[in-house]
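Heads up: the structure comes next, in structure tokens.
Letters A, B, ... mirror the listed sequences (proteins, then strands); counts begin at 1. Source: prediction; values computed, not measured.
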Protein chains: 2
Amino acid sequence: MQPVESKRIFQEHGVRYTDRRHAVYTGLSKTTSHPTAEELKYLVSDAGCEVSTATIYNTLDLFCRKGLVRRLLMPSGGDRYDADLKEHLHLRLEDTGEVLDVPLDLAETLLKELDHKVIAQIEARMGVGIERLGVHLVGHRATDD
Amino acid sequence: MQPVESKRIFQEHGVRYTDRRHAVYTGLSKTTSHPTAEELKYLVSDAGCEVSTATIYNTLDLFCRKGLVRRLLMPSGGDRYDADLKEHLHLRLEDTGEVLDVPLDLAETLLKELDHKVIAQIEARMGVGIERLGVHLVGHRATDD
DNA sequence: TTTGATGCAAAGACTTTGCATGCTT
DNA sequence: AAGCATGCAAAGTCTTTGCATCAAA
């Protein structure tokens with residue numbers, strides 16, 4: 001990911017460009033480990049850009065609000081973040097706390113089965129607008145059995 | 001819900017019976033508001049049983065581990081709890097933070113569409129065992145539009 | 001120049017823990 | 001009687017805030 005790339009993405013989402021934001025965004029984009037805020041702080045700092053704790057949290061929150069990044073809720077705190085916005089599925093391993101990506105083709109197959117007509121019915125019956133829908137899986141390593 | 005009822009449920013799940021646990025469990029069972037730990041503390045206390053903060057958290061955590069109750073993760077802290085274990089769907093309203101139940105028939109229709117064969121494929125391809133699967137909806141009141 | 005980003009340290013929200021006391025079995 | 005459950009207050013974890021400084025538009 002080039003600086004020019006994140007610059008464009010920031011502009012498209014109405015986010016001012018700074019070196020910290022660039023470092024946070026590219027750091028998150030390059031990993032598939034779904035880091036916590038603190039993990040990302042060290043990840044970014046190892047890559048040569050010191051970012052304070054406050055800025056990490058502010059930046060990630062901004063990115064979430066602007067739709068550049070998604071927040072993955074975790075039981076017992078320590079939310080994780082993901083810069084991959086393609087509709088994909090996460091699988092959380094209960095024993096380790098890791099979050100893995102489900103292969104895209106399988107994720108798509110599963111999500112395609114959710115009927116939009118049912119969503120529309122839910123909206124009508126409940127008098128709400130549905131903005132997002134998420135599916136999450138919880139499991140464990142098969143070898144632990 | 002009678003005392004005898006929760007007594008039986010506790011026994012079935014290997015949970016010792018106490019008056020606080022009874023109060024917490026029946027308090028949670030009687031509401032559809034998916035309260036936070038603290039809300040439930042006051043709810044239970046209004047019903048005539050004082051329970052300390054530590055005990056509320058310990059008890060809810062025990063209930064979750066024993067499978068009597070489910071924890072609903074919320075963005076920015078303050079998890080909520082639900083004693084209704086029937087497979088049902090929750091809709092979180094972003095503006096108010098409320099969590100509503102999706103009508104059961106619609107929830108079932110939606111969940112039935114998720115193909116078990118795909119789940120099995122995910123398990124095989126990723127080398128994991130999948131224990132649970134959750135769908136969550138995020139929306140807003142239609143009248144806010 | 002004006003607006004907003006950053007860091008620091010302190011405060012804050014939510015949850016857990018250690019230990020003494022009391023209740024269940 | 002033995003083994004947990006409970007409460008209290010303190011500590012812990014994760015996150016946000018106030019304010020002074022500095023950078024981007």
Side-chain angles (χ1 to χ4, degrees), chain A residues 3-4 6-27 34-45 48-66 68-69 71-81 97 99, chain B residues 3-4 6-27 34-45 48-66 68-69 71-81 97 99:
Chain A
V4 62
S6 62
K7 208 166 230 161
R8 181 181 60 73
I9 293 174
F10 289 178
Q11 273 178 356
E12 286 172 2
H13 289 81
V15 169
R16 176 182 291 201
Y17 180 92
T18 72
D19 57 346
R20 316 299 154 107
R21 287 175 180 183
H22 168 72
V24 170
Y25 184 71
T26 55
H34 311 297
T36 62
E38 189 164 352
E39 283 166 2
L40 188 55
K41 177 182 191 306
Y42 291 113
L43 211 156
V44 161
S45 135
C49 180
E50 299 283 339
V51 181
S52 73
T53 301
T55 299
I56 277 282
Y57 280 103
N58 286 337
T59 301
L60 287 170
D61 185 55
L62 175 73
F63 286 172
C64 285
R65 281 184 287 109
K66 295 296 191 175
L68 277 81
V69 149
R71 191 193 314 270
L72 314 178
L73 304 179
M74 294 292 125
S76 48
D79 293 345
R80 293 171 176 274
Y81 296 87
V99 176
Chain B
V4 63
S6 61
K7 208 166 231 164
R8 182 180 61 73
I9 293 174
F10 289 179
Q11 274 178 356
E12 286 172 1
H13 289 81
V15 169
R16 178 182 290 200
Y17 180 91
T18 72
D19 56 346
R20 318 298 155 107
R21 287 176 180 181
H22 169 72
V24 170
Y25 184 71
T26 56
H34 312 294
T36 62
E38 189 164 353
E39 283 165 3
L40 187 56
K41 178 182 191 306
Y42 291 112
L43 211 156
V44 162
S45 135
C49 180
E50 299 283 340
V51 181
S52 72
T53 303
T55 298
I56 278 283
Y57 281 103
N58 286 337
T59 301
L60 287 170
D61 186 55
L62 175 73
F63 286 173
C64 285
R65 281 184 287 110
K66 296 296 191 176
L68 277 81
V69 149
R71 191 193 313 270
L72 314 178
L73 303 179
M74 294 293 125
S76 46
D79 294 345
R80 293 170 175 274
Y81 296 86
V99 176

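Looking at residues two or more places apart in sequence or on another chain, you find no ring-ring contact (aromatic ring centres under 6.0 Å, His included) involving A/Y81. With sequence neighbours excluded, the residues that form a side chain to side chain contact (heavy atoms under 4.5 Å, CB included) with B/Y57 are B/A37, B/T53. By the side chain to side chain donor-acceptor pair (under 3.5 Å) test, A/T55 pairs with A/S52, sequence neighbours left out.
The distance from atom CG of B/L73 to atom C1' of C/dT15 is 14 Å, rounded to the nearest whole Å. Atom-to-atom, CG of A/L60 to P of C/dT6 comes out at 12 Å; the value is rounded to the nearest Å. Atom CZ of B/F10 is separated from atom P of C/dT24 by 13 Å (rounded to the nearest Å). As a whole-Å value, the separation of A/M74 CE from D/dT13 C1' is 16 Å. Atom P of nucleotide D/dA5 and atom CZ of B/F63 are separated by 11 Å, given to the nearest angstrom. One can place CG of B/D61 at 14 Å from C1' of C/dC14, the figure rounded to the nearest angstrom.
A close approach under 4.0 Å does not occur between any side-chain nitrogen or oxygen of B/Y57 and OP1 or OP2 of C/dT16.
Put simply, CG on A/L68 and OG1 on A/T59 are 11.0 Å apart, with the number rounded to the nearest 0.5 Å. Between the NE2 atom in B/H22 and the CD1 atom in B/I9 there is a gap of 10.5 Å [rounded to 0.5 Å]. In this structure, B/F10 CZ and B/L62 CG are separated by 8.5 Å, a value rounded to the nearest 0.5 Å.
The stretch residues 34-42 of chain B has no heavy atom under 4.0 angstrom from DNA chain C at all.
Of all the heavy atoms in A/G78 and A/T36, the pair that sits closest is O-CG2, 3.7 Å. Listed here is the closest heavy atom pair of A/D79 and A/M74: OD1-N, 3.5 Å. Taking each heavy atom of B/R71 and B/D61 in turn, the nearest pair found is NH2-OD1, 3.1 Å. B/P35 approaches B/L40 most closely through the heavy-atom pair CB-N, 4.0 Å. When every heavy atom of A/G97 is checked against every heavy atom of A/R80, the shortest pair comes out as O-NE, 3.8 Å. Across every non-hydrogen atom of A/V99 and A/H34, the tightest pair is O-CD2, 2.8 Å.
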Restricting both atoms to N or O, compile the protein contacts to nucleotides 19-25 of chain D shorter than 3.5 Å, with distance only.
none

Using the 3.5 Å cut-off, write out each protein N or O paired with an N or O of nucleotides 7-10 of chain C and the distance between them.
{"from": "C/dG7", "atom 1": "OP1", "to": "A/R20", "atom 2": "NH1", "distance (Å)": "2.1"}
{"from": "C/dG7", "atom 1": "OP1", "to": "A/E50", "atom 2": "O", "distance (Å)": "3.3"}
{"from": "C/dG7", "atom 1": "OP2", "to": "A/S52", "atom 2": "N", "distance (Å)": "2.9"}
{"from": "C/dG7", "atom 1": "OP2", "to": "A/S52", "atom 2": "OG", "distance (Å)": "3.0"}
{"from": "C/dG7", "atom 1": "OP2", "to": "A/T55", "atom 2": "OG1", "distance (Å)": "2.7"}

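Rotation axes derived from the C1' atoms of the five outermost pairs at either end of the helix from C/dT1-D/dA25 to C/dT25-D/dA1 lie 50° apart, to the nearest 10°.
Among pairs with a residue in residues 10-23 of chain A, those fulfilling salt bridge (charged side-chain N to carboxylate O under 4.0 Å, His left out) read A/R8-A/E12, at least two apart in sequence or across chains.
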